[in-house]
Amino acid sequence: MDYELTELQQEVAATAERIAQQKIKPVRARYDENEEFPWEIVNEVKKAGLMGVYVPEALGGAGAGNLGQVLASEQFSRACGGIALAVSASCLCGTPILLFGTPKQREKFLTPLATGEKLGAFTITEPSAGSDATATKTTAKLEGDHYVLNGIKNFCSGGEVADVYVVFASTSLKRGARGLTAFIVEKGTPGFTFGKKEHKMGIRASPTYELVFQNCKVPKENLLYKEGYGLFVAQGTFDLSRPGVAAQGLGIAQGALDETMAYIRVRKQFGQAISSFQAIQHMLADCGTAIEASRALLYATAKAMDNSVGPAVEAALKKGTIVFDEMTALDVKRWTKESGMCKVYCSDTAMKVTIDCVQMCGGIGYMRDFPVEKFMRDAKITQIYEGTNQIQRNEIAMMMIKEAASKAKEAVAA
Ligand SMILES: Cc1cc2nc3c(=O)[nH]c(=O)nc-3n(C[C@H](O)[C@H](O)[C@H](O)COP(=O)(O)OP(=O)(O)OC[C@H]3O[C@@H](n4cnc5c(N)ncnc54)[C@H](O)[C@@H]3O)c2cc1C
């Protein structure tokens, strides 16, 4: 299918594919087995200038927008979902800084993330605040020119290896959702340490850590946007970042199908290739169709997002303002529904396709020394993080109902 990608987008996809096939594929099993962080791959991606594909060139990135980021993540995930996350966890830190950071914060924190000089992470989840971020217990108290953070965050991707963290804490527990506030915290800040490292089913090349804040003094200038606007920061970030999870799911599905196709064409039973059995062909057709439908939805959404958010980014860079404020001034559409749809559809595709791929390969598909079972383990997380698929469906339905209500109101007014 021709998705009418620009020259830059084609170049990003081709470079990412080359790194994925030549560098990631040969080492993915080792990183999965050892649960090690893939520094050698991160350095390759950095050398190729793909650590900040979505970041404007003026801030050190490739300037290829959200669609560029999606294309790169898809290709990395086609080889390994875990290594892809090790690379892209930084985006989840960079995106809120791009959207809500001041020009000074963009320059200080986003540019080193975009060039790969530094790695980033994003931490909103807590032991008792998962789907419900408003239950956040970590507190941030303003004392002179510092905020003092206390609390525990968990399940942080890129934890320990990252240098820069976007951390959510409550500046007013009694205000609930309206007390949530985002901060930029640097590794090495006194009072900020790492707790338990998680051992996971999949994406094992990406470290997942508990973070501990004990009287951690964060300079006031590291407040991201405004006190009490944490939910805006989180939601605005997820609107743009969920297509990244969708791309991870899409790449995982495609990677599993690539491996499966190569196998079923040569594996013979009853004197013929198993790809000649209609039962296998129907599964193959369903997998291929779901993948292409996922890709079409994802690319179309990312492209539309770039067209609507791009002018606000340009304006903010030109005027030295905050991107989110320019988005508000330009009345840029909220992408919550569409980005949620991409995440749900592509991640459900990833799960279904990888399960079917194991089935098509039979017993060998279940074995650790054959690459297909890893795709199935890696696929599962795409239905869980950045908001579970149940939460996505809640949000999609809510937006649909709101849209219908406003159309009905307009019709009555006309
Ligand atoms: C490997 C991994 C990496 C992660 N990386 C990060 C990270 O980098 N940064 C970060 O901040 N977080 C991260 N997370 C956390 C992740 O985003 C949360 O696990 C996820 O949002 C779900 O929260 P929870 O685990 O507390 O599940 P819960 O909220 O306890 O949900 C449990 C179940 O209940 C369902 N449920 C909950 N509420 C509702 C509802 N209202 N309607 C319908 N169903 C509901 C959920 O869908 C789910 O099936 C990571 C998690 C994992 C496993």
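Computed from heavy atoms alone, side chains included, the values below leave out hydrogens, waters and symmetry copies. Order of listing sets the numbers, starting from 1, for every ligand and every atom in it.
- Relative orientation of the F213 and F192 rings is parallel, given thresholds of 30° and 60° on the angle between their planes.
- Checked by distance only, ligand 1 and Q390 come closer than 3.5 Å through their nitrogen or oxygen atoms.
- Ligand 1 places these atoms under 4.0 Å from at least one heavy atom of T388: 22 (C), 46 (C), 47 (O).
- Atom 51 (C) of ligand 1 is flagged as protein-proximal [any protein heavy atom, distance under 4.0 Å].
- If you take CD on Q392 and CZ on R242, they are separated by 4.0 Å, rounding to the nearest 0.5 Å.
- Close contacts of ligand 1 with F122, meaning ligand atoms under 4.0 Å from a residue heavy atom, involve 7 (C), 8 (O), 9 (N), 10 (C), 11 (O).
- Protein heavy atom in closest approach to atom 2 (C) of ligand 1: I381 CD1, 3.7 Å.
- The ring of F183 has its center no closer than 6.0 angstrom to the ring center of Y165.
- Taking every heavy atom of T123 and a limit of under 4.0 angstrom, the matching atoms of ligand 1 come to 11 (O).
- Among all protein heavy atoms, the one lying closest to atom 3 (C) of ligand 1 is S157 OG, 3.3 Å.
- No salt bridge links E395 with R334; every basic N to acidic carboxylate O contact stays at or beyond 4.0 Å.
- No side-chain heavy atom of S73 sits less than 4.5 Å from a side-chain heavy atom of V70.
- From the protein, the heavy atom lying nearest to atom 26 (O) of ligand 1 is G130 CA, 3.1 Å.
- For ligand 1, the polar-atom distance check against S131 finds a nitrogen or oxygen pair separated by under 3.5 Å.
- Counting protein heavy atoms under 4.0 angstrom from atom 7 (C) of ligand 1 gives one or more.
- Nearest non-hydrogen protein atom to atom 4 (C) of ligand 1 is F155 O, 3.2 Å.
- Of all the heavy atoms in C287 and L257, the pair that sits closest is CB-CD1, 3.9 Å.
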### Task
In sequence, state the C-alpha distance, the side-chain angles, and the governing distance for Q390 and R393, and then conclude on side-chain hydrogen bond (donor to acceptor under 3.5 Å, both in side chains).
CA-CA 5 Å; Q390 285 76 27; R393 286 183 166 94; over 6 Å; no

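- Of the protein's non-hydrogen atoms, the one nearest atom 12 (N) of ligand 1 is T125 OG1, 2.7 Å.
- Salt bridge R377/D32: present, at least one basic N to carboxylate O contact under 4.0 Å.
- Of all atoms in ligand 1, numbered sequentially from 1 with element shown, those under 4.0 Å from a heavy atom of E386 are 17 (O).
- Backbone and side-chain nitrogen or oxygen atoms of K200 are examined, and none is located within less than 3.5 angstrom of a nitrogen or oxygen of ligand 1.
- Under the 4.0 angstrom criterion, atom 30 (O) of ligand 1 counts as lacking any protein heavy-atom contact.
- Of all protein heavy atoms, the one closest to atom 11 (O) of ligand 1 is I124 N, 2.8 Å.
- Salt-bridge check for R295 with E292: passed, with a basic side-chain N closer than 4.0 Å to an acidic carboxylate O.
- Residue contact check: N394 has heavy atoms under 4.0 Å from atoms 40 (C), 41 (N), 42 (N), 43 (C) of ligand 1.
- The six-membered or imidazole ring of Y229 lies away from that of F100, with a centre-to-centre distance of 6.0 Å or more.
- Below 4.0 Å from some heavy atom of I391 lie the following atoms of ligand 1, by number and element: 38 (N), 39 (C), 40 (C), 41 (N).
- For ligand 1, the polar-atom distance check against C156 finds no nitrogen or oxygen pair separated by under 3.5 Å.
- Annotation: T208 places no N or O atom under 3.5 Å from an N or O atom of ligand 1; distance criterion only.
- Distances from atom 22 (C) of ligand 1 to the protein include at least one heavy-atom value under 4.0 Å.
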### Message
Walk me through whether D239 and T336 qualify under side-chain hydrogen bond (donor to acceptor under 3.5 Å, both in side chains).
### Response
CA-CA 5 Å; D239 283 357; T336 311; 3.0 Å; yes

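- Between R78 and E74 there is no salt bridge, since no side-chain N of the basic residue sits under 4.0 Å from a carboxylate O of the acidic one.
- Of all atoms in ligand 1, numbered sequentially from 1 with element shown, those under 4.0 Å from a heavy atom of I384 are 20 (C).
- Note on E44 versus K47: salt bridge recorded, some NZ/NE/NH1/NH2 to OD/OE distance being below 4.0 Å.
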